[in-house]
Amino acid sequence: MPEFPEVHTISQDLKKNIVGFKVKNIQISKYYKIPSSVQVGLKELIGKEIQDVDNIAKNIVLKLGENSYLVFHLAMTGRILLREPPDETDNWVKIVLELQKDNKIKHLKFCDMRQFGKVAVLSKNNLDILTSKYGLMPLNETVSMENFLKAIKSKKTTIKNVLLDQKIISGLGNIYATDALFLANINPKTSTQDITPESAKKLLKSIREILNEGIKNRGSTLPDKMYVDIFGNSGSQQDHFRIYLKNICDVCNGKVEFIKINGRGTYFCPTCQPLKTL
DNA sequence: ATGTTTGTTCCGAT
DNA sequence: CATCGGAACAAACA
């Protein structure tokens with residue numbers, strides 16, 4: 001679900017709206033099964049002030065002190081909502097942080113229908129360890145085509161698979177990877193070993209274009225409405241999908257093919273994305 | 001009842 | 001060792 005543009009939208013909106021607030025109380029749903037160590041870590045946040053919010057790959061990171069970071073991973077169906085009381089109407093609420101600044105109260109809710117999401121309270125050292133597990137961030141301007149090509153070639157698999165491997169390239173999920181490959185005219189089944197410097201250059205440019213557009217449009221909200229921003233509003237990138245969910249190619253009017261690669265639904269146009277082998 | 005889903009991890013097979 | 005496919009986590013929907 002949330003990929004980089006969605007997570008980035010959430011973390012930036014949180015930053016604007018909760019920095020300076022203190023954690024007044026924390027409620028954990030009794031139906032939500034998390035390790036007791038995490039429950040203890042959460043309770044230790046009471047009384048601390050939110051100093052900063054950012055994201056590391058698809059993780060949302062709240063800084064509550066030099067050595068105390070609250071990290072959420074939303075996986076498929078996680079949501080972060082910021083509500084002002086009274087506010088009892090949200091579904092699948094697992095954790096509520098009651099925040100206070102002066103006389104203002106806000107409720108930061110972590111919701112998760114399928115419960116594949118993760119929450120953790122990490123020390124600076126453990127946050128650094130988490131950070132080190134992620135590969136290059138395509139939007140980082142210091143990433144060159146050479147770095148990117150080297151990362152791609154470090155694994156022998158399909159280009160689609162390597163784009164989704166967070167240890168190699170971080171932030172892309174199924175939707176944005178699918179659209180970026182279409183934009184770069186690369187067949188998703190192409191072997192990483194067959195990617196040329198020219199196509200790597202075009203792919204990096206396409207990934208940046210699609211991620212920046214996703215950020216500008218505040219993410220993608222599919223028909224199931226699972227992703228919404230912290231205020232409960234939908235994004236609009238779904239109105240600009242290049243090939244994801246489509247039946248007919250917008251460019252050539254040919255029939256879009258739908259296949260599974262590593263179990264993930266993959267759309268591609270056989271005409272615009274021919275399979276090339278060296 | 002079956003198949004599908006934006007993510008990640010682990011296991012066994014190859 | 002590298003990689004793949006499937007299962008698992010759990011819930012809603014068509």
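Each chain gets a letter, A, B and so on, in the order the sequences are listed, and its residues count up from 1.
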Exercise. Between A/Tyr176 and A/Glu6, is any side-chain donor less than 3.5 angstrom from a side-chain acceptor?
Worked result: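 A/Glu6 and A/Tyr176 do have a side-chain donor-acceptor pair below 3.5 Å.
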Problem set entry | Under 3.5 Å side-chain donor-acceptor pair for A/Asp112 and A/Thr77 |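 Yes, because at least one side-chain N or O of A/Asp112 sits under 3.5 Å from a partner of the opposite role on A/Thr77.
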For this session: Heavy atoms of chain A, cut-off under 4.0 Å: which first and last nucleotide of DNA chain C, 5' to 3', fall inside that, if you could look?
Result: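 Both ends considered, the range comes out as C/dT3 to C/dA12.
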Atom-to-atom span, [atom1] of [X] to [atom2] of [N] - whole angstrom:
X        : N      : atom1 : atom2 : result
A/Tyr244 : B/dT4  : OH    : C1'   : 10 Å
A/Met113 : B/dG7  : CE    : P     : 14 Å
A/Phe72  : B/dT8  : CZ    : P     : 17 Å
A/Lys260 : B/dT4  : NZ    : C1'   : 7 Å
A/Lys225 : B/dT6  : NZ    : C1'   : 15 Å
A/Ile60  : B/dG7  : CD1   : P     : 14 Å
A/Met226 : B/dG7  : CE    : P     : 13 Å
A/Asn262 : B/dT14 : CG    : P     : 17 Å

Give the minimum heavy-atom separation between [X] and [Y], together with the two atoms involved.
X        : Y        : value
A/Arg79  : A/Leu74  : N-CD2, 4.0 Å
A/Arg83  : A/Asp90  : NH2-OD1, 2.8 Å
A/Ser234 : A/Thr221 : CA-OG1, 3.4 Å
A/Tyr227 : A/Gly219 : CE2-CA, 4.2 Å

For this session: Please name all residues satisfying salt bridge (charged side-chain N to carboxylate O under 4.0 Å, His left out) with A/Asp87, sequence neighbours left out, ordered by chain then number.
Result: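 A/Asp87 satisfies salt bridge (charged side-chain N to carboxylate O under 4.0 Å, His left out) with A/Lys109 once adjacent residues are dropped.
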For this session: Would you please name every residue forming a ring pair (Phe, Tyr, Trp, His ring centres under 6.0 Å) with A/Phe110, sequence neighbours left out?
Result: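 Partners of A/Phe110 under the ring pair (Phe, Tyr, Trp, His ring centres under 6.0 Å) test: A/Phe72.
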For this session: Answer with base, sugar-phosphate or nothing: what part of the nucleic acid does A/Phe258 contact at a heavy-atom distance below 4.0 Å?
Result: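 Touches sugar-phosphate only.
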Problem set entry | Neighbour count above 12 (heavy atom, 6.0 Å) for A/Lys43 NZ |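 Enclosed.
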Exercise. Does atom NZ of A/Lys205 have more than 12 heavy-atom neighbours, drawn from other residues, nucleotides or ligands, at distances under 6.0 Å?
Worked result: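 No, not enclosed.
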Exercise. If we take the C1' atom in both C/dA7 and B/dG3, what is their distance in whole Å?
Worked result: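 To the nearest whole Å, 16 Å.
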On the nucleotide [N], are OP1 or OP2 found under 4.0 Å from the side-chain N or O atoms that [X] carries?
X        : N     : value
A/Lys58  : B/dG7 : yes
A/Arg114 : B/dT5 : no
A/His73  : B/dG7 : no

Exercise. Should A/Asp102 and A/Lys104 count as an ion pair when the cut-off is N to O under 4.0 Å?
Worked result: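 No.
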List the atom pairs, with distances to 0.1 Å, where a side-chain N or O of residues 46-63 of chain A and a protein N or O form a donor-acceptor pair under 3.5 Å, not counting sequence neighbours.
from    : atom 1 : to       : atom 2 : distance (Å)
A/Lys48 : NZ     : A/Ser68  : OG     : 3.4
A/Asp52 : OD1    : A/Lys15  : NZ     : 3.3
A/Asn55 : OD1    : A/Ser11  : OG     : 3.0
A/Asn55 : ND2    : A/Ala57  : O      : 3.2
A/Lys58 : NZ     : A/Leu172 : O      : 3.0
A/Asn59 : ND2    : A/Ile56  : O      : 3.1
A/Asn59 : ND2    : A/Tyr134 : OH     : 3.0
A/Lys63 : NZ     : A/Glu66  : OE2    : 3.4

Exercise. Of all the choices, B/dG7, B/dT6, B/dT4, which nucleotide is nearest to the side chain of A/Asp224 once you look at every atom?
Worked result: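 From the listed options, B/dT6 comes nearest.
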For this session: Enumerate the residues from residues 124-136 of chain A whose closest heavy atom to DNA chain B is under 4.0 Å, giving them by residue number; use none for an empty result.
Result: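 Hits under 4.0 Å, by residue number: none.
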Problem set entry | All pairs passing side-chain hydrogen bond (donor to acceptor under 3.5 Å, both in side chains) where residues 20-38 of chain A contributes a residue, at least two apart |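 Residue pairs passing side-chain hydrogen bond (donor to acceptor under 3.5 Å, both in side chains), neighbours aside: A/Lys24-A/Gln100.
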For this session: Can you tell me which residue pairs pass the side-chain hydrogen bond (donor to acceptor under 3.5 Å, both in side chains) test with a partner in residues 266-278 of chain A, sequence neighbours excluded?
Result: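 Pairs touching residues 266-278 of chain A that pass the test: A/Lys160-A/Thr266.
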Problem set entry | OG1-OH distance between A/Thr178 and A/Tyr244, expressed to the nearest 0.5 angstrom |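 It is 6.5 Å, given to the nearest 0.5 Å.
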Exercise. Quick one: salt bridge (charged side-chain N to carboxylate O under 4.0 Å, His left out) pairs with a partner in residues 255-270 of chain A, sequence neighbours left out?
Worked result: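 Residue pairs with at least one partner in residues 255-270 of chain A: there are none.
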Problem set entry | Within residues 156-171 of chain A: residues closer than 4.0 Å to DNA chain C (heavy atoms) |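 Per residue number, the list reads A/Lys156, A/Thr157.
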For this session: Under 4.0 Å from any atom of DNA chain C, heavy atoms only: list the residues of residues 185-193 of chain A that qualify, in numerical order.
Result: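 Hits under 4.0 Å, by residue number: none.
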Exercise. Where does DNA chain B pair, written as one dot-bracket string 5' to 3', with Watson-Crick or G-U pairs under 3.5 Å, ( ) inside the strand, [ ] for crossing pairs and | for another strand?
Worked result: .||||.||||||||
Which atom pairs, one a donor and one an acceptor, fall under 3.5 Å between side chains of residues 138-146 of chain A and the rest of the protein, sequence neighbours left out?
from     : atom 1 : to       : atom 2 : distance (Å)
A/Asn140 : OD1    : A/Thr142 : N      : 2.8
A/Asn140 : OD1    : A/Thr142 : OG1    : 2.7
A/Ser144 : OG     : A/Glu146 : N      : 3.4
A/Ser144 : OG     : A/Glu146 : OE1    : 3.4
A/Ser144 : OG     : A/Asn147 : N      : 3.1
A/Ser144 : OG     : A/Asn147 : OD1    : 3.1
A/Ser144 : OG     : A/Asn147 : ND2    : 3.4

